[in-house]
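Below you'll find the structure, written out as structure tokens, and then a few comments.
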Number of protein chains: 2
Amino acid sequence: MARRNQHSKEALRELALDAVQRIAERDGPHIVSARKVAHEIGYAPGMLYHLFENIDDLILQANARTVMMLTDTLRQAIQRKKPINAVLAMASQYLALAQQNSRRWQLLFEHAMRNDVPVPSWYQHQTDTLFELVEQQLALLAPEKSSKDVTLAARSIWSAVHGVCLLAVTGKLDVGGPVQAPKIVESLVRHYLLGWTLEK
Amino acid sequence: MARRNQHSKEALRELALDAVQRIAERDGPHIVSARKVAHEIGYAPGMLYHLFENIDDLILQANARTVMMLTDTLRQAIQRKKPINAVLAMASQYLALAQQNSRRWQLLFEHAMRNDVPVPSWYQHQTDTLFELVEQQLALLAPEKSSKDVTLAARSIWSAVHGVCLLAVTGKLDVGGPVQAPKIVESLVRHYLLGWTLEK
DNA sequence: CCACCCAACTAAACAGCGTTCAATAGGGTA
DNA sequence: TACCCTATTGAACGCTGTTTAGTTGGGTGG
């Protein structure tokens with residue numbers, strides 16, 4: 001068989017990205033493979049290589065969707081809140097999303113580049129947006145701080161929250177039960193910001 | 001060939017674990033495979049399955065060594081310091097080690113269980129020790145806090161520092177150059193502890 | 001000293017992986 | 001109707017983890 005042309009190139013791409021996320025959620029993130037994805041959408045594995053550079057590219061683009069979903073959610077979490085509460089809401093939303101779709105997040109967190117080329121810039125760019133959302137709130141919270149300080153603080157908070165989400169999603173935080181992850185996030189953000197605003 | 005008996009079972013195990021770390025450092029963590037490890041020590045791949053349950057077990061035991069090295073280093077970092085400085089020293093030592101042996105740390109951070117059985121308890125136990133080291137210092141720092149509060153704070157700090165190390169080692173923090181990772185760690189610990197000790 | 005035994009180890013096989021590419025099939029056009 | 005051109009396939013290559021039957025050779029009993 002050839003030239004079915006049932007789907008446009010773009011529709012096919014969407015189909016494949018849907019399949020990646022569906023397989024990850026259904027069978028676990030480490031089950032995702034070019035062959036499984038192709039089978040899931042009823043094509044031969046080779047076809048995928050006309051749509052994506054390689055398996056890293058495929059998974060990365062699927063992960064980009066997850067990041068976009070996160071960005072959208074965080075934007076909504078901010079709405080009309082005071083800076084401290086906005087940052088708290090963003091952090092706890094990050095954790096909530098990661099816990100709700102944990103396998104999708106595992107795909108995001110645990111995917112290590114096989115073709116050891118560095119993370120592409122368009123992806124980096126997308127994650128930078130997340131930093132910026134935090135920076136905006138911090139700038140509102142402490143207008144007297146330099147933009148350098150704000151950048152550093154945003155990166156600190158973000159890395160920290162990311163660390164909690166990672167450990168939570170991969171089950172490495174469950175010593176007192178999985179319930180306390182939200183408490184850790186809140187403790188982290190609240191105390192850091194308290195210390196940060198009181199400084200000097 | 002069979003029954004060379006050049007090495008005892010225990011010596012062979014050490015040989016294999018050495019090989020894992022050597023290959024990871026030399027060729028990159030994603031190069032490590034049962035076949036490569038076996039070849040590195042001059043045996044057939046099947047032999048490894050008399051020493052280890054599977055490839056996860058092998059890599060996990062190699063990673064356990066990395067964690068032990070970390071634990072030892074952190075213990076030394078504490079010596080005769082005041083609590084705040086002890087925690088700061090531990091955190092920056094964590095980052096320093098991770099950056100120095102980045103590939104070995106990538107093996108630790110990025111290894112996702114293929115046989116999706118949960119992380120074994122002996123491993124969990126070993127990482128718990130790290131939490132305890134932080135808890136001890138926090139208890140000294142704020143004797144009035146409940147042990148519940150101390151546990152929560154230790155977990156917060158540890159997850160946060162872990163998050164920074166992870167992003168630093170995997171190159172996802174390099175927007176203003178890799179130099180600023182230590183600054184982020186210090187900012188994190190210092191401001192969190194300031195906020196935490198001032199609370200209530 | 002020899003023969004036997006059993007454990008240590010290997011070689012080969014299986015299934016699955018990412019990736020490439022010659023071959024093909026079938027819709028669109030002349 | 002016939003041709004073309006491209007979307008798609010199927011098979012191949014070399015890699016992976018893992019299992020297993022089979023072989024080898026050191027240690028021990030006779």
Side-chain angles (χ1 to χ4, degrees), chain A residues 1-17 19-20 23-24 26-63 106-107 110-117 120, chain B residues 1-17 19-20 23-24 26-63 106-107 110-117 120:
Chain A
M1 296 157 250
R3 177 62 152 267
R4 315 190 210 168
N5 246 359
Q6 293 179 349
H7 311 93
S8 75
K9 203 162 183 173
E10 200 42 55
L12 219 43
R13 210 190 300 273
E14 293 302 309
L15 229 53
L17 294 176
V20 168
I23 294 170
R26 192 206 317 131
D27 307 323
H30 66 283
I31 295 295
V32 175
S33 74
R35 284 178 148 89
K36 287 272 165 54
V37 171
H39 180 261
E40 178 90 6
I41 62 178
Y43 282 80
M47 191 272 296
L48 291 175
Y49 290 81
H50 291 281
L51 304 177
F52 304 94
E53 244 185 73
N54 50 39
I55 189 72
D56 282 342
D57 185 33
L58 171 57
I59 294 184
L60 220 57
Q61 292 200 29
N63 284 342
Q106 278 177 49
L107 190 70
E110 292 188 350
H111 175 65
M113 291 288 171
R114 290 200 250 271
N115 309 7
D116 58 357
V117 66
Chain B
M1 299 155 247
R3 180 60 152 265
R4 317 190 208 166
N5 246 359
Q6 293 178 347
H7 311 94
S8 74
K9 202 163 183 172
E10 200 41 54
L12 219 43
R13 209 190 302 273
E14 293 301 309
L15 229 52
L17 294 176
V20 168
I23 293 170
R26 193 207 316 131
D27 307 322
H30 66 283
I31 295 295
V32 175
S33 73
R35 285 176 148 91
K36 288 272 165 56
V37 171
H39 179 261
E40 177 92 6
I41 62 178
Y43 282 80
M47 191 272 295
L48 291 175
Y49 290 81
H50 292 282
L51 305 176
F52 304 93
E53 247 185 67
N54 49 39
I55 189 72
D56 281 344
D57 185 33
L58 171 57
I59 294 185
L60 219 58
Q61 292 200 28
N63 284 342
Q106 279 176 48
L107 191 69
E110 293 188 349
H111 174 64
M113 291 288 171
R114 291 200 250 270
N115 310 7
D116 57 358
V117 64

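In the text below, chain A, chain B and the rest are named by the order of the sequence lines, each starting its count at 1.
- Note that CG of A:L15 and CZ of A:R13 are 12.5 Å apart. Values are rounded to the nearest 0.5 Å.
- D:dC15 atom P lies 14 Å from atom CG of B:D27, rounded to whole Å.
- In this structure, A:I41 and A:A19 approach most closely via the heavy-atom pair CG2-CB, 3.7 Å.
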Pair B:L58, B:L17 - check side-chain contact (heavy atoms from CB on, under 4.5 Å), show working. CA-CA 7 Å; B:L58 171 57; B:L17 294 176; 3.9 Å; yes
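- Summarising the geometry, atom NE2 belonging to B:H111 is positioned 5.0 Å from atom CD1 belonging to B:I59; distances are rounded to the nearest 0.5 Å.
- Overall bending of the helix from C:dC1-D:dG30 to C:dA30-D:dT1, expressed as the angle between end axes built from five pairs apiece, is 30° (10° steps).
- Distance CG (A:L48) to P (D:dT9): 10 Å, rounded to an integer number of Å.
- Considering all non-hydrogen atoms of both residues, B:L107 and B:A24 come closest at CD2-CB, 4.2 Å.
- The two residues A:A16 and A:V37 have their closest heavy-atom pair at O-CG1, 3.9 Å.
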Solution key, residues 42-55 of chain B side-chain donor-acceptor pairs under 3.5 Å, sequence neighbours excluded:
residue, atom, partner, partner atom, Å
B:Y43, OH, B:H7, ND1, 3.2
B:N54, OD1, B:D56, N, 3.2
B:N54, OD1, B:D57, N, 2.9

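- Straight-line distance from the OH atom of B:Y43 to the C1' atom of D:dG17: 21 Å, rounded to whole Å.
- Rounded to the nearest 0.5 Å, atoms CD1 (B:I23) and CD1 (B:I31) are 9.5 Å apart.
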Tabulate atom names and distances for all N/O pairs under 3.5 angstrom spanning the protein and nucleotides 19-21 of chain C.
residue, atom, partner, partner atom, Å
C:dT19, OP1, A:N115, ND2, 3.2
C:dT19, OP2, A:Y49, OH, 2.7
C:dT19, OP2, A:I55, N, 2.7
C:dT19, O5', A:Y49, OH, 3.4

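- B:H39 places its NE2 atom 12 Å from the P atom of C:dA11, with the value rounded to the nearest Å.
- Contact check, A:K36 against C:dC17: a side-chain N or O comes under 4.0 Å of OP1 or OP2.
- Atom CD1 in B:I31 sits about 11 Å away from atom P in D:dG17, given to the nearest Å.
- The distance from atom CG of A:L51 to atom P of D:dT6 is 17 Å, rounded to the nearest whole Å.
- Remark: P of C:dC9 and CG of B:L12 are 6 Å apart, rounded to the nearest angstrom.
- Sequence order on DNA chain C of the closest nucleotides to B:G42 and A:V32 puts B:G42 first from the 5' end.
- Among pairs with a residue in residues 38-47 of chain A, those fulfilling salt bridge (charged side-chain N to carboxylate O under 4.0 Å, His left out) read A:R22-A:E40, A:R26-A:E40, at least two apart in sequence or across chains.
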